[in-house]
Undergrad: 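One structure follows; several queries about it will come next.
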Amino acid sequence: MTRVFSGIKPTGHLTLGNYLGAIRRWVDVDQRQSDALFCVVDLHALTVDHDPARVRRLSRQAATLLLAAGLDPKLCTVFVQSHVDEHARLSYVMECVATDGEMRRMVQYKEKAARERERERGGSVRLSLLTYPVLMAADILAYGTDEVPVGDDQTQHVELARDLAVRFNQRYGHTFVVPRATRPAVAARVMNLQEPTSKMGKSDDSGPGIVYLLDEPDVVRKKVMRAVTDSAAEVVYDREARPGVANLLEILAACGGGNPEDLSGVYESYGTLKKDTAEAVVELLRPVQERHKELCADPAYVEGVLRDGAEKAREMAKPMVDSAYRAIGLLPA
Ligand code: AQP
């Protein structure tokens, strides 16, 4: 059976981008057809300036939302990264396989390091921001993962995990499965409603352009109705020339099925397109929000799922990490 692994960072409240680009597919496809593990990757949230209490709160909230969205612990393994030591154990070994040049070429590193320097006025960037893709490679490789379902923004990191697996296998003997990224058919990159050339990212500051999974229906409506489009009159699907309209068409298509190009022919004005998109998003989020409320009333259930998930994950990862330690030359304990 295909082994699937993917994760989500508790760096902010989960967004519509997370849901359409990743979580929905985990729920509808991956947990049903594969041996799947889904992880709140909390160690990755420490790579930029962070508030410890907020990370804890967001980790709990992300896990609760994954279950509310439909991940079922009977079908898949849901856990928190820092509860399984194997991730950090393997990460160091993979740092001995990766090069600093590879790390510095990562687009996300360049963008985020620039952002951090700007925020701190020329201040320092955490070393973990540079090495984070290696930890992500370790997350994936520890489980003998075949497929990593991600949005477009993460494909470069999955490529790195592939390169490191191949290099390790060539140098030290076959140890790792070489993983591949899989992406959703539509909405692989949901864009910020206010800046439709930038990804809708949960750690961004631009609140009005980001639809959060826990936004009230009226807040969703307001954000979608105020989405930046352009001054042209016709509704045309053109990602390059008309990114704002294309983003709305893609969101609408992802919510209700169909494809953005066909939908563009149905609308004569931006007003009705926005109204229908807003309602489609509200309806998409409604059951997730209802279930989230129920789960918040039962924190012991969520904690139990995470405890059991970590135990299962540990059992899966330990043999792989032990064999990587042996292969690279470390003495067995
Ligand atoms: N806008 C998006 N469109 C489609 N897919 C997306 N994903 C994230 N944003 C979009 C996918 O969701 C999964 C988990 O994402 P993440 O936690 O790694 O990243 P994030 O939500 O983008 O959070 P940050 O902190 O704002 O991330 P950075 O700044 O690192 O980009 C992934 O599968 C991702 O592809």
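By convention here, the first residue in the shown sequence is residue 1. Note that ligands are numbered from 1 as they come in the structure, with each ligand's atoms numbered from 1 the same way. Predicted model only: the values in this text are computed from it and were never measured.
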Undergrad: With respect to Arg115, determine whether any N or O atom, backbone or side chain, lies less than 3.5 Å from an N or O atom of ligand 1.
TA: no

Undergrad: Please tabulate, for the side chains in residues 93-100, all donor-acceptor contacts under 3.5 angstrom to protein atoms that are two or more places apart in sequence or on a different chain.
TA:
{"residue": "Thr99", "atom": "OG1", "partner": "Glu102", "partner atom": "N", "Å": "3.1"}
{"residue": "Thr99", "atom": "OG1", "partner": "Glu102", "partner atom": "OE1", "Å": "3.4"}

Undergrad: Name the option, out of Lys112, Arg183, Arg189, that contains the heavy atom nearest to atom 28 (P) of ligand 1.
TA: Lys112

Undergrad: I want to know if ligand 1 touches Ser203 in the polar sense, i.e. an N/O pair below 3.5 angstrom.
TA: yes

Undergrad: By number and element, which atoms of ligand 1 are closer than 4.0 Å to a non-hydrogen atom of Gln108?
TA: 30 (O), 31 (O)

Undergrad: Could you list which atoms of ligand 1 come closer than 4.0 Å to a heavy atom of Gly21?
TA: 4 (C), 5 (N)

Undergrad: Please confirm whether Gly151 comes within less than 3.5 Å of ligand 1 when only nitrogen or oxygen atoms on both sides are compared.
TA: yes

Undergrad: Could you say whether the N/O atoms of Lys199 and ligand 1 ever approach to under 3.5 Å?
TA: yes

Undergrad: Aromatic rings Tyr132 and His157: how do their planes relate, parallel, tilted or perpendicular, breaks at 30° and 60°?
TA: perpendicular

Undergrad: Give a yes or no on whether the backbone of Asp215 and the side-chain of Gln289 come within a donor-acceptor separation of less than 3.5 Å.
TA: yes

Undergrad: Would you list the atom pairs, donor with acceptor, under 3.5 Å between side chains in residues 68-76 and any protein atom, with sequence neighbours excluded?
TA:
{"residue": "Asp72", "atom": "OD1", "partner": "Lys74", "partner atom": "N", "Å": "2.8"}

Undergrad: Of Arg242, Arg239, Arg189, which meets salt bridge (Lys or Arg N to Asp or Glu O under 4.0 Å) against Glu250?
TA: Arg239

Undergrad: Nearest heavy atom to atom 12 (O) of ligand 1: which of Asn18, Asn192, Val158 does it belong to?
TA: Asn18

Undergrad: As an exercise, identify every atom of ligand 1 less than 4.0 angstrom from a heavy atom of Thr11.
TA: 23 (O), 24 (P), 25 (O)

Undergrad: Can you tell which of Val150, Asp153, Val148 gets a heavy atom nearest to atom 35 (O) of ligand 1?
TA: Asp153

Undergrad: Only heavy atoms of Ala22, strictly under 4.0 Å: list the atoms of ligand 1 that pass.
TA: 12 (O), 13 (C), 33 (O)

Undergrad: Which of the numbered atoms in ligand 1 are under 4.0 angstrom from any heavy atom belonging to Met200?
TA: 1 (N), 2 (C), 9 (N)

Undergrad: Can you list the ligand 1 atoms lying under 4.0 Å from a non-hydrogen atom of Gly7?
TA: 14 (C)

Undergrad: When you measure from the centre of the six-membered ring of Tyr325, is the NZ or CZ of Arg89 under 6.0 Å away and within 45° of the axis?
TA: yes

Undergrad: Can you check whether Val48's main-chain N or O pairs, donor with acceptor, with Glu116's side chain at less than 3.5 Å?
TA: no

Undergrad: Which of the numbered atoms in ligand 1 are below 4.0 angstrom from a heavy atom of Gly201?
TA: 26 (O)

Undergrad: May I ask you to decide whether Glu147 forms a salt bridge with Arg180, counting only side-chain N to carboxylate O separations under 4.0 Å?
TA: yes

Undergrad: May I ask you to say whether Arg56 pairs ionically with Asp42, meaning some side-chain N is under 4.0 Å from a carboxylate O?
TA: no

Undergrad: Output the list of atoms in ligand 1 that are nearer than 4.0 Å to some heavy atom of Ile8, sorted by atom number.
TA: 14 (C), 17 (O)

Undergrad: With a 6.0 Å cut-off on ring centres, are His87 and Tyr143 close enough?
TA: yes

